[in-house]
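A quick write-up on the structure given underneath.
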Amino acid sequence: MCSICGIYAQGGVGIGGFATVREMSRAMAHRGPDGEGGFSGGNVGLHHNRLAVVDVTGGAQPMTVVREGKRYIIVYNGELYNTDELRASLEKEGVRCRTHSDTEALVYAYAVWGEDCLDRLNGIFAFSIYDDFNRCLFCARDRLGVKPFFYCETDGKFLFASEVKALLRSPSVKPALDAVGLWQLLYLAPVTLPGSGVFRDIRELLPGECCRVDADGVHRRKYWTLTVRPHTDSDDETVAHVRHLFVDAVRRQLVSDVPLCTFLSGGLDSSAVSAVAAEKYREEGRVLSTYSFEYEGNTYAPTLFQPNPDDAYARLMAEHLGTDHTVLTASSDETADALLPALLARDFPGQADIDSSLYYFCGRVRERHTVALSGECADEIFGGYPWFYRPEMLARDFFPWIHDPTARIGLFDPRVTRAEEGYAYLSEVYRNAVAATPLDGSESEEDRTARIATKLSVDYFMVNLLERKDRMSMAHGLEVRVPFSDHRILEYVYQVPWRIKFAGGVEKALLRNAMTGYLPPEILYRKKSPYPKTHNPAYENRVRGLLFERLRRKNSRLASLLRPGAVDALAAGDDITWLGQLMSRPQLYAWLYQFDCFLEKYEVTLAI
């Protein structure tokens, strides 16, 4: 993984100096500690920070290739998992690669097949290729949005980068929040609207989208989208095919020339990834390293949504697989101290201690490993959330994972937030998203519910989780791969009837059946337990103190935006749940603290 950025002058008059491109890249140096490089010529400037994972000596970027007298220059962030097949196809076209890097295979793929090369790629990627012959820039993002690609158009130039902070290094890009940006933060965050960079003039390529930039402008198009197809496989054939797709995805993603590990919580998803990885390592005479994460003093009464701690299950699974297992523990202070760097990594206030603890843990993992595999995306694809089987949750006029839309925005002065207008706007966004779900009209009510839930979860909730994992890991130069994000799995499972996915009334029954034989019964049938939050009272005391300390400051932007007495009432009232099942009052204290830091550190102006 790496960072990419660049400027393309659409008028062909030059980018106005390469210094801005270098400054943009410097803001993302954490994503690529192993090298950097740039290209400048005519009306384009490109820069790259490299995290070397495959072909450490031969994959430097920007990379230039020449085919049939035409020159192509690429900057690329990601990993292709079908590089060998791609290279074999290229060789039939007369291409002779000089390196073993996927970067070279990718740029030659474009040189040979043009934009159609995207249909041949299996992987996670965001890249930009300067086509010198046609004087244009071609950019693309992977199908499920695992890798980021932000851009803006200003002063006749197209600027792009892997992170928002890099775009803000340009003097022509201002950190302004319009009403829609503010509504996203106060109603939806950490989820954001597809294609939005939160700030007013910053956009993001959608998952499965590409664009061509030339003198006539920016031409975006979707090259991939979910479609409905007939499902003719029997129940047993379906289970076998899911097993094949998943095992193939994990094995493909184990390719690495640097140390690799897996995250192992002891839940179904991470255990499935670790089991397949450990099997491959045993075949090669190696021992897989695994990590689980805990909080200091994290005792709590079991609930429906967090039924039991991970620790015992992670240890059981590690022993079952024979892995080199490490338990990492974060204290309340370490979790709270990471709130600010987590904010700066994500570029907006996200998910409080769920972000900050992951930030801390990724830093610890990076001490020994450069690549990790993780279990994200399974819940969104296989139906692990309650809104998949509770249609009343989708019948609301707001996103089902937001229990109380007013919980945050209700703390703020309505004259600033225009809360009612924001609710109406986002409700319409939600209804339009539901209406855009690919359906063929023949679905049963339960299949219709499941398909709507899948599309919403993939487009909104899953992208948020992938964004969190990318920013918190890459802040430390740690590459995290997500095998469940292989588009072939989603394309197939989307067609499968709900009765197979939810067989016997068991959530994610299809995945559990596919993993039979890989996992012990205690893991295979363990009830879902999400990424943990801290329940330690010391954490709530610490983040409440951090928030109130900032509110007492004369220059607190947050204090000027809140309703009088709102936070005092929050402290004195009953606990609340404002996102999913994990975000309650301690996390709201932490989020508000991050929001005030965000306004200050990014010098945000409100353009509402």
Side-chain angles (χ1 to χ4, degrees), residues 143-145 184 187-196 206-209 222 224-231 233 238 242 269 305 376-405 423-467 484-511 528 530 579-581:
R143 295 170 179 84
L144 299 193
Q184 289 183 70
Y187 274 118
L188 301 182
V191 177
T192 57
L193 298 179
S196 169
L206 293 169
E209 189 173 51
K222 289 281 285 183
W224 177 88
T225 189
L226 266 180
T227 57
V228 179
R229 301 190 305 270
H231 183 77
D233 290 348
T238 299
V242 167
D269 308 336
F305 298 110
E376 272 84 3
C377 305
D379 286 315
E380 291 79 8
I381 294 173
F382 288 93
Y385 299 122
W387 51 85
F388 275 83
Y389 48 85
R390 292 176 55 185
E392 71 275 11
M393 295 186 72
L394 298 177
R396 302 169 55 205
D397 61 354
F398 214 75
F399 298 92
W401 46 82
I402 305 291
H403 295 302
D404 180 3
Y423 187 90
Y425 175 85
L426 294 174
S427 293
E428 183 177 5
V429 169
Y430 173 73
R431 290 190 295 270
N432 290 339
V434 170
T437 300
L439 301 169
D440 64 10
S442 66
E443 294 91 353
S444 65
E445 184 60 30
E446 63 179 12
D447 282 333
R448 181 178 181 276
T449 295
R451 281 183 170 165
I452 292 172
T454 300
K455 194 64 166 62
L456 284 171
S457 298
V458 167
D459 288 353
Y460 289 85
F461 205 76
M462 189 172 84
V463 171
N464 143 64
L465 296 179
L466 292 171
E467 176 180 74
F484 283 109
S485 71
D486 188 307
H487 68 280
R488 298 172 302 162
I489 298 175
L490 174 59
E491 287 178 338
Y492 183 78
V493 174
Y494 189 73
Q495 321 304 330
V496 176
W498 182 246
R499 66 168 184 81
I500 301 178
K501 297 178 188 176
F502 201 59
V506 177
E507 63 186 15
K508 295 196 293 190
L510 173 56
L511 179 59
K528 173 181 169 55
L579 178 82
Q581 295 88 35

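Of all non-hydrogen atoms in L456 and A433, the two that sit nearest each other are CD2-CB, 3.8 Å. Between T437 and R451, the closest heavy-atom pair is CG2-O, 3.5 Å. The two residues L144 and S485 come nearest to each other via the heavy atoms CD1-O, 3.0 Å. Between I402 and L188, the shortest heavy-atom distance links the atoms CD1-O, 4.2 Å. Contact detail for P207 and V463: the closest heavy-atom pair is CG-CG2, 4.3 Å. Of all non-hydrogen atoms in A450 and W498, the two that sit nearest each other are CB-CE3, 3.6 Å.
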**Prompt:** Between T454 and E380, is a side-chain hydrogen bond (donor to acceptor under 3.5 Å, both in side chains) present by the stated rule, with each step listed?
**Reply:** CA-CA 6 Å; T454 300; E380 291 79 8; over 6 Å; no

**Request:** Could you give me the CA-CA distance, side-chain angles and deciding distance for T238 and Y492, then say whether side chain to side chain contact (heavy atoms under 4.5 Å, CB included) is met?
**Result:** CA-CA 9 Å; T238 299; Y492 183 78; 3.7 Å; yes

**Full working for side chain to side chain contact (heavy atoms under 4.5 Å, CB included) between L394 and F388** = CA-CA 9 Å; L394 298 177; F388 275 83; over 6 Å; no

**Message:** Between V242 and V496, is the side chain to side chain contact (heavy atoms under 4.5 Å, CB included) condition met? List the steps.
**Reply:** CA-CA 10 Å; V242 167; V496 176; 5.5 Å; no

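Note that CZ of R229 and CD of Q495 are 4.5 Å apart. Values are rounded to the nearest 0.5 Å. Distance OH/Y460 to CG/L465: 15.5 Å, rounded to 0.5 Å. Here L206 contributes atom CG and W224 contributes atom CH2; the two are 12.0 Å apart, rounded to the nearest 0.5 Å. Separation of atoms CD1 (I452) and CE (M393) is listed at 14.0 Å; rounding is to 0.5 Å. Between atom CG of residue L226 and atom CZ of residue R143 there is a gap of 11.5 Å, rounded to the nearest 0.5 Å. From L511, atom CG reaches atom CD1 of I381 across 10.0 Å, with rounding to the nearest 0.5 Å.
Ring to ring, F398 and Y423 are close: their centroids are under 6.0 angstrom apart.
Remark: side-chain polar atoms of E443 are paired, donor with acceptor, to backbone N or O of G441 under 3.5 angstrom. No side-chain donor-acceptor contact under 3.5 Å links E467 to the backbone of N464.
Within the structure, side-chain hydrogen bond (donor to acceptor under 3.5 Å, both in side chains) contacts touching residues 501-510 (residues at least two apart or in different chains) are D269-K508, D379-K508.
Heavy atoms from other residues, nucleotides or ligands lying under 6.0 Å from OH of Y425 number 12 at most. For R488, the CZ atom is densely surrounded, since the number of other residues' heavy atoms within 6.0 Å is greater than 12.
In the model, W387 has a side-chain atom that pairs as donor or acceptor with a side-chain atom of S457 under 3.5 Å.
Partners of E446 under the salt bridge (Lys or Arg N to Asp or Glu O under 4.0 Å) rule, at least two apart in sequence or in another chain, do not exist in this structure. Not a single ring-ring contact (aromatic ring centres under 6.0 Å, His included) links Y494 to another residue, sequence neighbours left out.
Just one residue in the list Y430, Y385, F461 forms a ring pair (Phe, Tyr, Trp, His ring centres under 6.0 Å) with F399, and that residue is Y430.
Here D459 pairs with K455 in a salt bridge; the nearest charged N to carboxylate O distance falls below 4.0 Å.
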